[in-house]
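To start, the structure under review is shown below, and the notes come after it.
First the proteins, then the strands, lettered A, B, ... as listed; each starts at 1.
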Amino acid sequence: MAKQPALPTQAEDFSAWYNELVYKADLVDLGPVRGAFVIKPYGYALWENIQRELDAMFKAAGHENLYFPMLIPMSYFQREAQHVEGFSPELAVVTHAGGAELEEPLAIRPTSETIIGELYAKWVQSYRDLPLLYNQWCNVVRWEMRTRPFLRTSEFLWQEGHTAHATEAEARAEVRTMLDVYARLAEEFAAVPVIKGEKTEGERFAGAVETLTIEAMMRDGKALQSGTSHYLGQNFARAFDITFNDVDNQQAFAHTTSWGLSTRMIGAIIMSHGDDQGLILPPKLAPHQVVVVPMGRSNDEEGRTRVRAEVDRLVAALRAAGVRVKVDDRDASPGAKFYEWEQKGVPLRVDLGPKDLDAGTALVKDRLKDEKDTVPLSGLVDHLVAALPDFHARLFERARAFREARTVEAHTWDELVAGVEKGFVIAAHCGDPASEKAIQEATKATVRCIPLEGVSAAGSVCVHTGRPSGYANKVVFARAY
RNA sequence: CGGGGUGUAGCGCAGCCUGGUAGCGCACUUGACUGGGGGUCAAGUGGUCGCAGGUUCAAAUCCUGUCACCCCGACCA
């Protein structure tokens, strides 16, 4: 096998690096329809692992899964003014079915607030029916102008949680709780450090009163919104008549929330950790945590047999220890396998051949290190089991340090302009949407969020208008995906 | 929706200007040698040149139309 053309480097063209890597690492393939990508097994396995971890956290927080239909009567979108304005441009609509034109066109869900609102109205009569704490795993379709694998696709997979509560305080608490769940998934599983914050008015979800977000920094310094949690107030309750009798037999509108995390998280993982050699996957979500490459010459049947026996023992022990391990026993050259698994971002690789057996050791290659470690066979399983959480910690710290190094606090306009070229800028802002827009036009950067735990803006003036800060904390400016 | 580009083997491309047997690299198949960082040699498989018209003795190539996709912007998880 000859050398493949190298991946473009991140430094020369980050975008090309990403676009080529998702194909080379076998995560996706192009579908026949624009912007609709096939998620291949290696990419889908990542999603399955994300699903498994998130789903467990949802359930631990008291939620149940259910499923709503994908087709939504068009008229439902008209009921909430902000919502229809936000979503109608990107709706895909079914106008024909069963060989005839439909009386009312059906939208393919871009998100399910409307159809769920309609049904929640039916399910809620009394305060005793609340809260409703439901989630669904599904696909949605948004006809975006421009698409990129995982980051923005015509159809994507996600989960959408929809809850209804008797009080505002309870609903707002739910929104925070679920944001924390997303932050945990990002940091403790994906090793992606995130900033938790609130969206400004202009960046809010269509129809929401408050939108909370987790924002991560990609390796080109740009921000990626990786999960959102919305307090919808009583907007959708009013639009869909979700009312109930409270303890005092007074009729009241419910307070609803919605929160979603999509396959975009896979893009966040790729762009937070990947390097010029390819992917680097976080061990807790990686389809294969350890790949074993057996060595041995084809004419050395005895050596191969010994290696195979040792590999079988190793794999059994690792599986018993809960490690996801794959043996690459394909008939290909070892070098080709090394490059492939490195590009696919497998955290740890074990090379094992007759020479190693004679020495009683194995070679362990760590995706974050340049050199291989020689590890005694007797302690190999323990070494690998311990190396995985350590790998996670180093990966997270690497991403955190990268973000810190590219985050500056700006006190002047010039500092803001210079800062967003490299990464995040912390600065005070007056909160005027017109100023936000002007900043975007001048710098291509937007307010990513007002951090929940951030730098106090008390006494600070807006970096753009010089007016007093409109928020308690300084905001995060960045260019975004 | 604006700007740019591309449709030729599974992938990446050349050929088109100047019409005349459809080519190269990788991948794939078979065999031998090889095997600790993208192996070598040899022999092979695979194409209605995006689609529809037109010009011509003859079209991947020229003309007209059309469709699709990709990339860069504005909009969005």
Side-chain angles (χ1 to χ4, degrees), chain A residues 1-7 13 15-16 18-20 23-24 29-37 85-91 110-111 139-160 182 199 202-206 211 213-216 223-230 258-268 277-278 293-300 303-304 307 330-343 349-359 361-363 365 370-372 374 437 440-441 444 446 479-481:
Chain A
M1 189 191 293
K3 277 197 178 186
Q4 296 295 301
L7 217 49
D13 190 342
S15 186
Y18 180 86
N19 283 332
E20 289 196 26
Y23 294 102
K24 286 190 168 172
D29 204 352
L30 269 177
V33 175
R34 184 187 65 82
F37 295 85
E85 197 183 322
F87 281 103
S88 50
E90 52 194 52
L91 285 184
T111 179
N139 58 339
V140 290
V141 170
R142 297 183 186 179
W143 215 254
E144 302 286 356
M145 294 292 96
R146 195 158 116 57
T147 59
R148 300 190 68 189
F150 297 121
L151 303 176
R152 198 179 304 98
T153 51
S154 304
E155 177 183 353
F156 59 91
L157 303 180
W158 77 344
Q159 57 69 217
E160 47 179 329
Y182 290 157
K199 285 292 186 187
E203 298 267 328
R204 224 174 262 156
F205 175 75
T211 288
T213 176
I214 52 171
E215 299 282 332
L224 184 70
Q225 177 177 314
S226 308
T228 47
S229 182
H230 317 288
S258 66
W259 23 276
L261 185 142
S262 73
T263 36
R264 172 181 269 193
M265 179 55 76
I266 296 172
Q277 276 63 55
V293 179
M295 307 287 184
R297 296 185 212 154
S298 57
N299 59 11
D300 177 14
R304 295 193 131 200
V307 169
R330 292 172 301 172
D331 180 23
S333 78
K337 295 178 183 180
F338 298 163
Y339 275 85
E340 176 171 337
W341 294 117
E342 240 153 63
Q343 188 161 72
R349 195 187 74 231
V350 177
D351 305 341
L352 198 58
K355 288 185 214 167
D356 305 294
L357 294 188
D358 294 342
T361 60
L363 288 178
K365 175 66 176 69
D370 291 333
E371 268 111 56
K372 297 178 202 175
T374 303
K437 203 159 182 236
Q440 179 173 12
E441 276 161 22
K444 293 183 184 166
T446 51
R479 291 179 183 157
Y481 278 97

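Using atom C1' as the reference point in both B/rA9 and B/rU29, the two lie 15 Å apart (nearest Å). The C1' atoms of B/rG12 and B/rC70 are separated by 14 Å, rounded to the nearest whole Å. B/rU56 and B/rG46 have their C1' atoms separated by 31 Å, with the value rounded to a whole Å. Using C1' as the reference atom, B/rU45 and B/rU6 are 28 Å apart when rounded to the nearest Å. Distance noted for atom P between B/rG38 and B/rG20: 43 Å (whole Å). Across the C1' atoms, B/rA68 and B/rA59 are found 22 Å apart, a figure rounded to whole Å. Comparing the C1' positions of B/rC1 and B/rC76 gives a spacing of 15 Å, expressed to the nearest Å. Separating the P atom of B/rG25 from that of B/rC63 is a span of 31 Å, rounded to the nearest Å.
Rounding to the nearest 0.5 Å gives a distance of 9.5 Å between CD of A/Glu20 and CD of A/Gln343.
Using a 4.0 Å heavy-atom criterion, one finds that A/Gly260 contacts no nucleic acid atom at all. Contact annotation for A/Pro354: base contact, defined as any heavy-atom pair under 4.0 Å involving a base atom.
For B/rC69, the paired nucleotide is B/rG5, the pair qualifying as Watson-Crick or G-U wobble because both relevant distances are below 3.5 Å. Across all strands shown, B/rC28 forms a Watson-Crick or G-U wobble pair, both distances under 3.5 Å, with B/rG44. Under the Watson-Crick or G-U wobble criterion, with both distances below 3.5 Å, B/rU61 is left unpaired in every strand shown. Across the strands present, B/rG23 finds its partner in B/rC13; the criterion is a Watson-Crick or G-U wobble pair with both atom distances under 3.5 angstrom. Under the Watson-Crick or G-U wobble criterion, with both distances below 3.5 Å, B/rG36 has no partner in any strand shown.
When rounded to the nearest whole Å, the span between CD of A/Glu371 and P of B/rG36 equals 19 Å. Across the protein-nucleic acid pair, A/Glu20 atom CD and B/rC13 atom C1' stand 14 Å apart, rounded to whole Å. Regarding A/Trp341, its CH2 atom lies at a distance of 15 Å from the C1' atom of B/rG38, rounded to whole Å. Whole-Å rounding puts the A/Asp331 CG to B/rU34 C1' distance at 11 Å. Regarding A/Asp351, its CG atom lies at a distance of 9 Å from the C1' atom of B/rG37, rounded to whole Å. The OH-P distance, from A/Tyr339 to B/rC26, rounds to 18 Å in whole Å.
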B/S/- along nucleotides 66-77 of chain B (protein heavy atoms under 4.0 Å) is ---SSSBBBBBB
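A stacked arrangement is not assigned to A/Phe338 and the six-membered base ring of B/rG37, the conditions of a centre distance below 5.5 Å and an interplanar angle below 30° not being jointly met.
Take A/Trp259 and apply the ring-ring contact (aromatic ring centres under 6.0 Å, His included) test, not counting sequence neighbours, and it matches A/Phe58, A/His63. When the ring-ring contact (aromatic ring centres under 6.0 Å, His included) test is applied to A/Phe338, no partner is found at least two apart in sequence or on another chain. Evaluation of the side chain to side chain donor-acceptor pair (under 3.5 Å) rule for A/Thr211 yields A/His230 as partners, not counting sequence neighbours. Judged as a side chain to side chain contact (heavy atoms under 4.5 Å, CB included), and not counting sequence neighbours, the contacts of A/Ala16 are A/Pro8, A/Asp13.
A donor-acceptor contact under 3.5 Å links the side chain of A/Lys372 to the base of B/rG37. Remark: the A/Glu342 side chain and the B/rG37 base include a donor-acceptor N/O pair separated by less than 3.5 Å. The base of B/rG37 is paired with the side chain of A/Arg349 by a donor and an acceptor separated by under 3.5 Å.
Under the 3.5 Å distance criterion, the side-chain polar atoms of A/Arg264 are matched with a main-chain donor or acceptor of A/Gln225.
Side-chain contact check for A/Pro354 versus A/Arg297: every heavy-atom pair is 4.5 Å or farther apart.
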I'd like a table of donor-acceptor pairs (distance under 3.5 Å, sequence neighbours excluded) in which one partner is a side-chain atom from residues 150-159 of chain A, with atom names and distances.
residue: A/Thr153; atom: OG1; partner: A/Glu155; partner atom: O; Å: 2.8
residue: A/Ser154; atom: OG; partner: A/Arg34; partner atom: O; Å: 2.9
residue: A/Glu155; atom: OE2; partner: A/Asn139; partner atom: ND2; Å: 2.9
residue: A/Gln159; atom: OE1; partner: A/Tyr182; partner atom: OH; Å: 2.5
residue: A/Gln159; atom: OE1; partner: A/Leu261; partner atom: N; Å: 2.8
residue: A/Gln159; atom: NE2; partner: A/Asn135; partner atom: OD1; Å: 2.7

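Taking a 6.0 Å sphere around CD of A/Glu85, one finds it holds 12 or fewer heavy atoms contributed by other residues, nucleotides or ligands.
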